[in-house]
Amino acid sequence: MKAVQYREVGSSPEVVEVPDPEPGPGQVLLRVSAAGLCHSDQFLMSLPSGAFPYPLPLTLGHEGAGVVAALGDGVDQVAVGDSVAVYGPWGCGRCIKCAEGKENYCLNAAAEGIRPPGLGSPGAMAEYMIVDSARHLVPLDGLDPVQNVPLTDAGLTPYHAIKNSLSKLGPGSTAVVIGVGGLGHVGIQILRALTPATVIALDVGGDKLELAREIGAHETLISNEDAPTAIRALTGGYGANAVFDFVGAQPTVNIAGAAAAAEGDVTVVGIGGGRLPVGFGAIGFDVSVRAPYWGSRSELIEVLELARRGQVSVAVERFSLDEAPRAYQLLHDGKIRGRAVVVPNG
Ligand code: NAD
Ligand code: ZN
C-alpha cells in the first residue's frame, strides 16, 4: 500500500510503498477514509536528529478516520464496514487516567512505549492503518469522514482546553483565541457554541482573521506587541477571562499573559516553545496557567456531537495521498485555510 512517511531527519515527507498491514490479536484494520495534517507533524519534522523522539521511518497522520476492513482475533466491539474516527492518544487501558477515558494522560504509556498513530506508531496517512484496540474507535454515525476527521485533534484539543475554562466564560466575559489555524478556527466555533463570551481572535495573517470573522469571532486583531493594549481597550480595561494560545511561541505567550484579566485562565495549547513566568507580580492576580495535551475519549464523542448538530464545521482543504508532501509545504508556509485533509482512497 501507499503511505506518507517521514524517513530521514531534515528531509521532506515522502509517498512510499510499504507492506499491507495485518491486524494482530485485539487489533483493527481500517481502510483510511481521511487523515488530517497537524502543525505538530511540522514541529516534529523541524527537530534536529538527537531530539527526534520516534523511530524512523514514521508513517504520519495522528488525525484518522476509516472504515473497518478486518478484525484481529478476539475483536467483537466493531464490525467490518463500520465508519469510525480514531481516538489518537492511546494509553495502557488499565490505569486510573485511562479508566476515566483520559488516555491522553495515561500513567504508563511512556514507560511501556505505547505511542499514538502518526506519533510513534504507524499513522493514518496511508491506504490502511492498524488501530491497537477497538476502544480507540468512535462511530462517526453519519458524519462525513473527510469533513470531520480534524475533530479528532483540531477539534478535541481546543474542546478539552475550553471545557476547563467554562466557569470563567459567563455572560459579559471575553475569550481570546491566538492563532486561527486548524485548532484555532475550531476553537472559535466551540467558544461560540458553548459560551456567551465575546470572542477576540488574533493571527498574523489577514486571511486568517477574515476566516475568524466568518466562523463567529466578534473582533479580530493582528497579533503583535500592541495586542494586549487593544484587548484591554475592547474589554473596558479589564482584560480577557480566558486566553487560548494555539501558537505557544514566545511572542504569543507574552500576549496571553499580558491580556489575561485577574482570575483569568491562560491555556497554552501551541507547542512553539514559549515560556510564561508564573509567580506573584509576574502575571495578573490569581491567573491560572495551563498547558494541556489533546483530550479524553468522552470529549471526542462530545465534539463529534457538536458537529452532528451543526454547531461546529471544519474548513477543510482536500488533498490526495500523492499530494500530501505539497500539503505539508503549504501548512509550513501558513497557506492552509482551516485544516488540510488527505484522502488516501479517494
Ligand atoms: P496551524 O499551522 O494550522 O495554525 C497556526 C496558526 O497560527 C496559523 O493561522 C498562523 O498564521 C498563526 N500564527 C503563527 N504565528 C502567530 C503569531 N505570532 N500570532 C498569532 N498567530 C500566529 O497549526 P495547528 O495545527 O492549528 O496547531 C497549532 C499549535 O498547536 C501548534 O503548535 C501545534 O503543534 C499545537 N498542538 C498542540 C496540541 C496539544 O495537545 N497541546 C495538539 C495539537 C496541536
Ligand atoms: Zn495534532
Side-chain angles (χ1 to χ4, degrees), residues 23 26-38 61-72 74-91 93 98-104 116-118 123-160 162-163 182-183 185-187 189-194 215 294-316 318 338-346:
Q27 294 182 322
V28 178
L29 179 74
L30 297 185
R31 184 171 191 264
V32 178
S33 322
L37 279 71
C38 181
H62 57 269
E63 286 181 351
V67 173
V68 175
L71 304 175
V75 180
D76 58 8
Q77 302 91 331
V78 290
V80 170
D82 286 359
S83 179
V84 292
V86 179
Y87 174 71
W90 298 351
C98 287
E100 288 181 273
K102 299 176 181 170
E103 302 207 20
N104 50 324
M125 220 161 280
E127 289 172 278
Y128 289 87
M129 75 181 288
I130 294 287
V131 175
D132 273 359
S133 164
R135 189 176 82 240
H136 305 315
L137 299 175
V138 175
L140 278 172
D141 274 342
L143 285 175
D144 177 68
V146 178
Q147 200 54 46
N148 293 287
V149 70
L151 296 176
T152 60
D153 180 13
L156 174 56
T157 303
Y159 184 76
H160 171 71
I162 290 163
K163 259 196 104 174
L183 274 68
H185 95 286
V186 183
Q189 297 177 62
I190 293 169
L191 283 163
R192 292 304 314 274
L194 264 49
I215 56 175
W294 226 327
S296 70
R297 203 143 54 93
S298 60
E299 286 168 337
L300 176 56
I301 291 170
E302 289 174 8
V303 85
L304 290 174
E305 194 54 35
L306 280 180
R308 222 168 268 122
R309 294 178 187 210
Q311 290 171 290
V312 165
S313 168
V314 184
V316 162
R318 244 178 214 255
R339 200 63 150 179
V341 172
V342 159
V343 184
N345 293 292

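Both backbone and side-chain heavy atoms feed into the values below; hydrogens, waters and symmetry mates do not.
- Once rounded to the nearest 0.5 Å, the distance linking CG of D141 with CG of D82 reads 9.0 Å.
- Looking at every heavy atom in both residues, A134 comes nearest to V78 through CB-CG2, 4.3 Å.
- Closest approach of T157 to D153, counting heavy atoms only: OG1-OD1, 2.6 Å.
- Defined by atom type and a distance below 3.5 Å, a donor-acceptor pair is present between the side-chain atoms of Y159 and E302.
- When atom types are taken as modelled, the side chain of Q311 and the backbone of I190 share no donor-acceptor pair closer than 3.5 angstrom.
- In this structure, L30 and V131 have side chains that are in contact, with non-hydrogen atoms separated by less than 4.5 Å.
- Residue P89 comes nearest to P116 through the heavy atom pair CA-CG, 4.4 Å, listed as atom of the first residue, atom of the second, then distance.
- Without hydrogens or angle criteria, E103 side chain to R297 main chain gives no donor-acceptor distance under 3.5 Å.
- No more than 12 heavy atoms of other residues, nucleotides or ligands sit less than 6.0 Å from atom CZ of R318.
- Separation of atoms CZ (R192) and CD1 (I162) is listed at 12.5 Å; rounding is to 0.5 Å.
- Applying the side chain to side chain donor-acceptor pair (under 3.5 Å) rule to Q27 yields the partners D132; only residues at least two apart in sequence or on another chain are considered.
- Side-chain contact between S296 and E100 is absent, with no heavy-atom pair separated by less than 4.5 Å.
- Using cut-offs of 30° and 60° for the angle between ring planes, the W294 and H62 rings count as perpendicular.
- V28 places none of its side-chain heavy atoms less than 4.5 Å from the side chain of Q77.
- Put simply, the side chain of V341 reaches to within 4.5 Å of the side chain of P150, judged on heavy atoms.
- Between the OG1 atom of T152 and the CD atom of E63 there is a distance of 4.5 Å, given to the nearest 0.5 Å.
- Nearest heavy-atom pair across P23 and G72 is CB-N, 3.8 Å.
- Interatomic distance, OG of S83 versus CZ of R31, reported as 12.0 Å (0.5 Å rounding).
- Side-chain atoms of L156 and N104, non-hydrogen and from C-beta on, never get closer than 4.5 Å to each other.
- Using a 4.5 Å cut-off on side-chain heavy atoms (C-beta onward), L137 and V86 make contact.
- Between L194 atom CG and L306 atom CG the span is 6.0 Å, to the nearest 0.5 Å.
- A pairwise comparison of heavy atoms in G295 and Y87 identifies O-OH, 2.8 Å as the closest pair.
- Between atom CE of residue M125 and atom CG of residue L37 there is a gap of 4.0 Å, rounded to the nearest 0.5 Å.
- Between R339 and C38 the shortest side-chain heavy-atom distance falls below 4.5 Å.
- Considering every non-hydrogen atom in both P117 and M129, the closest pair reads CB-CE, 3.7 Å.
- Side-chain contact check for I130 versus L29: some heavy-atom pair is nearer than 4.5 Å.
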